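Scroll down for the structure; my scribbles are underneath it.
Numbered from 1 within each chain, the chains take letters A, B, ... in sequence-line order. Every value quoted in this text rests on a predicted model; they were computed, and no experiment measured them.
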Protein chains: 2
Amino acid sequence: MDSAPLHQAIARLAAEMTAHGKHRDDPAREVMGLLGDRWSTLILLVLETGEWRHADLRRTLGQLSAEQAISQRVLTLKLRTLERDGFVARTITGSVPPKVSYRLTPLGRDLHGQARALIDWINTRADNIRLARERFDAADS
Amino acid sequence: MDSAPLHQAIARLAAEMTAHGKHRDDPAREVMGLLGDRWSTLILLVLETGEWRHADLRRTLGQLSAEQAISQRVLTLKLRTLERDGFVARTITGSVPPKVSYRLTPLGRDLHGQARALIDWINTRADNIRLARERFDAADS
DNA sequence: CCGCATCCTAGGCGATACTG
DNA sequence: CAGTATCGCCTAGGATGCGG
């Protein structure tokens, strides 16, 4: 039984956790979940280039995605979430037809920069990861 | 119509995307999805402290989580995914009862470091984000 | 102790059709 | 053009029970 170092580790971690976060409405978990979803990082990437209207943004995301296009409904949902957290700003001008523009806030640009760092790290390790997967899949037969 | 700068932006982005990634089995999207899930970052955090057995790890994760404990099934699944990508190493000793230990690989430790940077950035902005949410929720009434 | 199989539920996301 | 409503699928993840 190596229970002593084990409990020590638990105590250390528990202290670290309760220091920040752990309680409900934990932005860290929620934002990480957002960045891990199907579209948000791609949306940030496009909005980084300037101001976009809903339809144009939707078309462009479809072209950038290897899979299929984002549905209108989901784009609205994602933009709402991003806007709610303060990463995206929404501007309305005119109402028939409506003209709505989206752009990054300074906070959103900063978030995108941070996320890119992680994504780039993964991309440079991509072959490494692919190799590990092949080995793993071949191993158990 | 500002279609010129628009298409320019598209072209630039498309080039950037096809440079790396975009094609299927894109590790970046998959690993980001992993880090955005319910448990993986927490698992990395605990494994950072050393070598852990399945049951102990499970108990500790339960204590660190504000919500409920991770199920045995899901812990196995998450560890398998992490192992498959080369972030976690699994060692078996004895078979009745089995003794299985998990620890981070160098790649896994590195990944965790990168992820922590992003998580820490979010945590330092947490109040900022919470405030944005309150404003947004109050706005439309 | 660990892992697997089974079953079940909640939520993410796509498709379509409709309003202002 | 932007947004909403409704539907239906599929996956993540929890609960339980068995076997090695």
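Counting only heavy atoms from C-beta outward, the side chains of B/Ile43 and B/Leu82 approach each other to under 4.5 Å.
For B/His54 and C/dG3, the NE2 to C1' distance is 8 Å, given to the nearest whole Å. Atom-to-atom, CD1 of B/Ile43 to P of D/dG13 comes out at 10 Å; the value is rounded to the nearest Å. Protein atom CZ of A/Arg90 is 8 Å distant from nucleotide atom C1' of D/dA2, rounded to whole Å. Spacing between atom CH2 of A/Trp39 and atom P of C/dG14 amounts to 6 Å, rounded to whole angstrom units. Here the P atom of nucleotide C/dC13 and the CD1 atom of A/Ile70 are 8 Å apart, to the nearest Å. Atom CG of B/Leu75 is separated from atom P of D/dA12 by 16 Å (rounded to the nearest Å). Between the NZ atom of B/Lys99 and the P atom of C/dC2 there is a distance of 8 Å, rounded to whole Å. In this structure, A/Arg29 atom CZ and C/dG11 atom P are separated by 15 Å, rounded to whole Å.
Along DNA chain D, the nucleotide nearest A/Thr76 and the nucleotide nearest A/Pro98 are compared for position; the residue whose nucleotide lies closer to the 5' end is A/Pro98. Annotation: of the two residues near DNA chain C, A/Leu77 and B/Tyr102, the 5′-most nearest-nucleotide partner is B/Tyr102. In this structure, A/Gln72 and A/Pro97 both approach DNA chain C, and ranking their closest nucleotides by distance from the 5' end singles out A/Gln72.
The base of C/dG3 is not paired with the side chain of B/Arg73 by any donor and acceptor separated by under 3.5 Å. B/Arg38 contributes no side-chain N or O that forms a donor-acceptor pair with the base of D/dG13 under 3.5 Å.
Note on B/Val96: nothing from the nucleic acid sits closer than 4.0 angstrom, heavy atoms only. If you check every strand for non-hydrogen atoms under 4.0 Å, B/Arg53 touches sugar and phosphate atoms only. Residue-level contact check: A/Gln68 touches the backbone only, with heavy atoms under 4.0 Å from sugar-phosphate atoms and none from bases.
With respect to A/Glu48, the side-chain hydrogen bond (donor to acceptor under 3.5 Å, both in side chains) criterion is satisfied by exactly one of A/His112, A/Arg109, A/Arg116: A/His112.
When the side-chain nitrogen and oxygen atoms of A/Arg58 are compared with OP1 and OP2 of D/dC1, none of them lie within a distance under 4.0 Å. Close to C/dC13, at under 4.0 Å from its OP1 or OP2, lies a side-chain N or O of A/Lys78.
Using a cutoff of 4.0 Å between basic side-chain nitrogens and carboxylate oxygens, A/Arg133 and B/Glu30 are scored as salt-bridged.
In this model, a donor atom of one side chain and an acceptor atom of the other lie less than 3.5 Å apart for A/Arg38 and A/Ser65.
A donor-acceptor pair is defined here as one N or O able to donate and one able to accept, closer than 3.5 Å; no such pair exists between the side chain of B/Trp121 and the backbone of A/Leu111.
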